[in-house]
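Take a look at the structure below.
In what follows, chains are A, B, ... by sequence order, proteins preceding strands, each numbered from 1.
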Amino acid sequence: MQDKYVAQDIEKKWQAYWEQNHTDKTNYDPNKKKYYVLEMFPYPSGNLHMGHVRNYSIGDVVARFKRMKGFNVLHPMGWDSFGMPAENAAIQRGIAPKDWTLSNIDNMRRQQKSLGLSYDWDREVATCKEDYYKWTQWIFEQFYKKGLAFKKEAKVNWCDHCHTVLANEQVIDGKCWRCDNQVEKKDLKQWFLKITAYADRLLKDLDTLDGWPERVKLMQKNWIGRSEGAQFAFDIPSINKKIEVYTTRIDTVYGVSYVVLAPEHPYVQELIKDAPNKADLDAFIHRIRNLSEIERTSTEVEKEGLFTGKYALNPFTGQEVPIWIANYVLVDYGTGAVMGVPAGDERDYKFAKKYKLPIKWVIQNPDQTLDFDQMVGAYTDAGVLVNSGDYTGMTTEDARQALYKAIEDKGIGHKKVNYRLRDWLISRQRYWGVPIPVIYCDKCGEQLVPEDQLPVKLPEDVVFDGGAISPLATSKTFMHTTCPKCGGPATREIDTIDTFIDSSWYFLRYTDAHNDKEAFNKQIADYWMNVDQYIGGIEHAILHLLYSRFVVKVLHDLDLVSVDEPFRGLLTQGMVLKDGSKMSKSKGNVVSPEEIVTKYGADTARLFILFAAPVDRDLDWSDKGVEGSYRFLNRVWRIINTYHEFAQEAKRNQLTKEETALRRELHRVLKKVTEDLDGKFNFNTAISTIMELVNAMYQFTDQGKTVEAGLADEIVRDLLLLLAPFTPHITEELWHECGYEGSVHQQDWPDYEEKALAVDEVEIAVQVNGKVRGKMTVSVSASKEDMQEQALALPKVAEYVAGKQIIKAIIIPKKIVNIVVK
RNA sequence: GCCGGAGUGGCGGAAUGGCAGACGCACUUGACUCAAAAUCAAGCGGUGAAUAACCGUGUGGGUUCAAGUCCCACCUCCGGCACCA
């Protein structure tokens, strides 16, 4: 064995060995229990960053551990390789997006391989390749046939910097998720997927996702935003129309002081056409409509409104209430019209105060203690109805149920569930994406490209900065085609599909990556799905994770796959920071994985990144900490060397007391590390526990002692097996150097022996009145009486007890003795 | 505003209600060395001469023989949503 640990040599050697021997190849085998572990596939930007290294290191430990535990493990990797940056490279540097992307993939794959990640590379997919996007188009067509993909005119989010529309989920704080540019609203006809049809299931099934972090489920829940209420009509006799409002508080209907519409509401023009202050109203509407989304929806903005001059009739009181228009009502939620109840809604209260509208109190709190003359705000909690006709005296909940029934009986409305979630806008006015497989014929209208003609290939003769339309329109070969129905001249759809669709089914393609007859075989996909453990950044809590859940539910309904949730377990890792902030080129605090691997080796990089912080927390990169991990691997190298020599000596029948203790330490560590890895992701404490074992091994040799050969052999084996998932190269090298058979990664995970953990005696603390006053070693079988006697005999304890009365003694075997005195 | 999460040494962080600070980083001292690096050893929450004692897990209360851990109130920071009726 070499004296010195030289990572670079052994890492290259074993990576080549694993590749040649197909160590990480996985096969479909319904007789074996499976485990599917998946890290979010990367966008091929060109280089791995530390966030990737963290993500893949976590996944690789899980994959290797599960393999050693006997599972048939699927652990694939691929590329989310459509998207804007490739197109920008084309515009700025004149490189074809395809060439740029494929060379980035080559580089990043090389970097991944240098980390010793145990992927089954035979299953690699790239979403930009024809054999993949053919099936993305096919899936789009299935959505279309089910009526879940449709084109409509809508006010959409437009990013002028990326020159494309965006889905609601891709607008963060009013800005583009990719480039941070302020998003505008535009009226355009665009393709949507009907995710709202699945809103209820997407919400309800969150409860089945036990392996997801609570906060991610909550974020999705908030995003879906289900609310239960009533939709019902107020008459407007003056224009002979009914105006529908939506409310979750129909129990407050006797307190309606006014009805208020969004400025964009379709009735507004008719309501104000003969108003004396029409000019003011027009100016107000114009001003509100031109506000940005941010200004419009900010709670900071003062509530503003104008009276239209018309009145509506409260269907319950028969009372006339004024109709207003106001900036705080949104046209695209509910009906775009709201009943104003200042007593029961904080916004309405502010609005009523500002414009001196009447406030009618209709809910008293359960204790009947509200003094309505003294109120300075709305009362929004549950309570009992007052001033509410026949409903007076009912609880808010009972009144709600009674009133739901009443509006149905009157035929003016019904119970209604509303969602914040909007349909998913999937058109993109970009080139580097999946062409939408639709053809427009003047005679036959919108037609799907027949399935046997897929894929609709991306043309290469395009101009990238061609102006206001999609680059595909600049291709001479692409646009013009024939109608699949009548054969007449027709044109192709020129938008591409949001790349989030590509990434909403890739985990299914991995299960059957080479299938050229179907997107994936159902039987094979059913064997591997769900993904048992998905690992990635929290930034996808809504976007990717919600879309994937939706797509899988649709594929399930189409009977293409049996599961209806993609990811059983979800682990959201923290970010990798440097000096307290995110690594970025502009801050100049980027640590390159490649440099670290070159300098210390992949094993050190992996070990450090898993040891430095719990997986779900942010991790501050520390160069000194990396040195520490490297130092530890050197310690392992040397001590294995030493213990391996011990193992060559003749065996003894009997272990010394110290050796027994060392063996107990080994088995304690086996138990603890297994617990930290099995169903948990406590990599940091697993590693620290292994460090404790190594320290115990050194303590032995530092005192000049040797270790019995059989025990030494056991320790060497188990230590290498424990470390194998974390640091695959050094353990493989030492495994072979020590003369063990096969690959360390194809061994069974070592079990601990309960018997080895047994102790005869333990050291416990002795407290007097809860303060530690001494320590003693007692036999584990000692009686409570003996323990008390021994505790009281301790000089310090005796001192504190002297002259006092012992009230009681708490004696917890193997834990503590506490003498309570007065 | 609403909903989550988190506050522990100089730093990252450990602790099924039972000896707070495991493990690591940094630091100090010593051994080895001509010297340095590497390695090894000892120390390392605060006050303190101390192997004495007291204090100490964001703050204030409480439960308990015993609280970082459980309960109540509050403070601060981070994240998500945010005029969704």
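- Note on A:Arg631: every side-chain N or O is 4.0 Å or more away from OP1 and OP2 of B:A37.
- Remark: A:Asn684 is not in phosphate contact with B:A22, judged by side-chain N or O atoms under 4.0 Å from OP1 or OP2.
- A:Tyr800 comes within contact range of the sugar-phosphate backbone alone, with a heavy-atom separation under 4.0 Å but no base atom that close.
- Spacing between atom CE of A:Met776 and atom C1' of B:G18 amounts to 13 Å, rounded to whole angstrom units.
- B:C65 and B:U59: their P atoms are spaced 25 Å apart (whole Å).
- Only the C1' atoms considered, B:G61 is 30 Å distant from B:G79, to the nearest whole Å.
- With respect to A:Glu302 and A:Lys354, a salt bridge is recorded, a charged nitrogen being found less than 4.0 Å from a carboxylate O.
- Residues satisfying the ring-ring contact (aromatic ring centres under 6.0 Å, His included) test with A:Tyr600, not counting sequence neighbours, are A:Tyr630.
- Straight-line distance from the CD1 atom of A:Ile609 to the P atom of B:C25: 17 Å, rounded to whole Å.
- Side-chain atoms of A:Thr247 lie closest to B:A85 of the nucleotides B:C54, B:A85, B:A14.
- Among the atoms of the strands shown, only primed sugar atoms or phosphate atoms (P, OP1, OP2) are found under 4.0 Å from some heavy atom of A:Asp702.
- Glycosidic conformation at B:G9 (O4'-C1'-N9-C4 for purines, O4'-C1'-N1-C2 for pyrimidines): syn, within 90° of 0.
- Checked against B:C19, B:G79, B:G24, the side chain of A:Arg215 finds its nearest nucleotide in B:G79.
- Side-chain N/O atoms of A:Lys775 and base N/O atoms of B:C19 include a donor-acceptor pair closer than 3.5 Å.
- A:Val338 comes within 4.0 angstrom of a nucleotide base, judged by non-hydrogen atoms across all strands.
- Atom P of B:U8 sits at a distance of 14 Å from the matching atom of B:C78, rounded to the whole Å.
- Nearest-nucleotide assignment on RNA chain B puts the 5′-proximal partner with A:Glu692, out of A:Glu692 and A:Ala337.
- Inspection of the A:Arg635 and A:Asn695 side chains reveals an N or O donor paired with an N or O acceptor under 3.5 Å.
- Looking at heavy-atom distances under 4.0 Å, A:Leu218 makes contact with sugar-phosphate atoms alone, never a base.
- Checked against a 6.0 Å centroid threshold, the rings of A:Phe351 and A:Tyr258 count as neighbours.
- Residue A:Asn695 is in sugar-phosphate contact alone, with no base atom involved, counting any heavy-atom pair closer than 4.0 Å across all strands shown.
- The residue among A:Ala613 and A:Gly336 whose nearest nucleotide of RNA chain B lies closer to the 5′ end is A:Ala613.
- A distance-only check finds no donor-acceptor pair linking the side chain of A:Gln231 to the backbone of A:Gly413 [under 3.5 Å].
- A:Arg226 comes within 4.0 angstrom of no nucleic acid atom, judged by non-hydrogen atoms across all strands.
- Atom C1' of nucleotide B:G18 and atom CE of A:Met787 are separated by 12 Å, given to the nearest angstrom.
- Put simply, CH2 on A:Trp177 is 16 Å from P on B:G80, counting in whole angstrom units.
- Residue A:Glu346 is classed as having no contact, given no heavy-atom separation below 4.0 Å to the nucleic acid.
- Using a 30° and 60° split on the angle between ring planes, A:Trp324 and A:Tyr355 fall in the tilted class, from 30° to 60°.
- Look at NZ on A:Lys680: it is 13 Å from P on B:A14, rounded to the nearest Å.
- At the phosphate of B:C78, neither OP1 nor OP2 sits under 4.0 Å from any side-chain N or O atom of A:Arg617.
- For the atom pair CG (A:Asp676) and OG (A:Ser688), the distance works out to 7.5 Å, reported to the nearest 0.5 Å.
- Note on A:Asp348: nothing from the nucleic acid sits closer than 4.0 angstrom, heavy atoms only.
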Let me check something: any side-chain donor-acceptor pairs from residues 792-802 of chain A under 3.5 Å, sequence neighbours excluded? List them with distances.
from	atom 1	to	atom 2	distance (Å)
A:Tyr800	OH	A:Arg773	NH1	3.2

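- The side chain of A:Asn818 lies closest to B:G18, out of B:G18, B:C23, B:C54.
- Candidate nucleotides B:G13, B:G24, B:G18 were compared by shortest atom distance to the side chain of A:Phe611, and B:G24 ranks first.
- Here the nucleotide nearest the side chain of A:Lys771, chosen from B:C54, B:C19, B:A14, is B:C54.
- In this structure, of B:G18, B:A14, B:A85, it is B:A85 that holds the atom nearest to the side chain of A:Ser227.
- Residue A:Val329 is in base contact, counting any heavy-atom pair closer than 4.0 Å across all strands shown.
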Query raised in the report: In dot-bracket, 5' to 3', how would RNA chain B read with Watson-Crick or G-U wobble pairs under 3.5 Å, [ ] for crossing ones and | for pairs to another strand?
Result: (((((((..(((.....[....))).(((((.......))))).(((.....)))..(((((..]....))))))))))))....
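- When heavy atoms are screened at a 4.0 angstrom cut-off, A:Glu214 is found touching no nucleic acid atom at all.
- Taking every side-chain heavy atom of A:Arg420 into account, B:A82 is the closest of B:A82, B:C19, B:A26.
- One finds no side-chain N or O of A:Lys796 lying less than 4.0 angstrom from the OP1 or OP2 phosphate oxygen of B:C19.
- Side-chain N or O atoms of A:Tyr752 include none that pairs as donor or acceptor with a backbone N or O of A:Thr674 at under 3.5 Å.
- Checked against B:C40, B:A26, B:C83, the side chain of A:Lys624 finds its nearest nucleotide in B:A26.
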Report task. Could you give me the CA-CA distance, side-chain angles and deciding distance for A:Lys217 and A:Glu214, then say whether salt bridge (Lys or Arg N to Asp or Glu O under 4.0 Å) is met? Result -> CA-CA 5 Å; A:Lys217 290 196 271 189; A:Glu214 223 38 56; 3.8 Å; yes
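- B:A6 and B:G68 have their C1' atoms separated by 13 Å, with the value rounded to a whole Å.
- Using a 4.0 Å heavy-atom cutoff across all strands shown, A:Gly628 reaches sugar-phosphate atoms only and no base atom.
- Taking 4.0 angstrom as the limit, A:Lys808 places a side-chain polar atom (N or O) nearer than this to OP1 or OP2 of B:C65.
- Of the C1' atoms belonging to B:G4 and B:A85, the separation is 24 Å, rounded to the nearest Å.
- To the nearest whole angstrom, the two P atoms, one in B:A53 and one in B:G62, are 27 Å apart.
- Taking the six-membered ring where tryptophan is involved, the planes of A:Trp361 and A:Tyr349 are tilted, since the angle between them lies from 30° to 60°.
- The nucleotide whose nearest atom lies closest to any side-chain atom of A:Val820 is, among B:A14, B:A22, B:C65, B:C65.
- Judged purely by distance below 3.5 Å, without hydrogens or angles, the side chains of A:Tyr419 and A:Asp200 pair a donor atom with an acceptor atom.
- Put simply, A:Tyr333 has a side-chain N or O that comes within less than 4.0 Å of OP1 or OP2 on B:A85.
- Spacing of C1' atoms, B:A15 relative to B:U47, comes out at 26 Å, to the nearest Å.
- Put simply, CG on A:Leu633 is 13 Å from P on B:G24, counting in whole angstrom units.
- In this structure, of B:A14, B:A85, B:G80, it is B:A85 that holds the atom nearest to the side chain of A:Tyr246.
- Between the C1' atoms of B:U51 and B:G58, the separation comes to 34 Å (whole Å).
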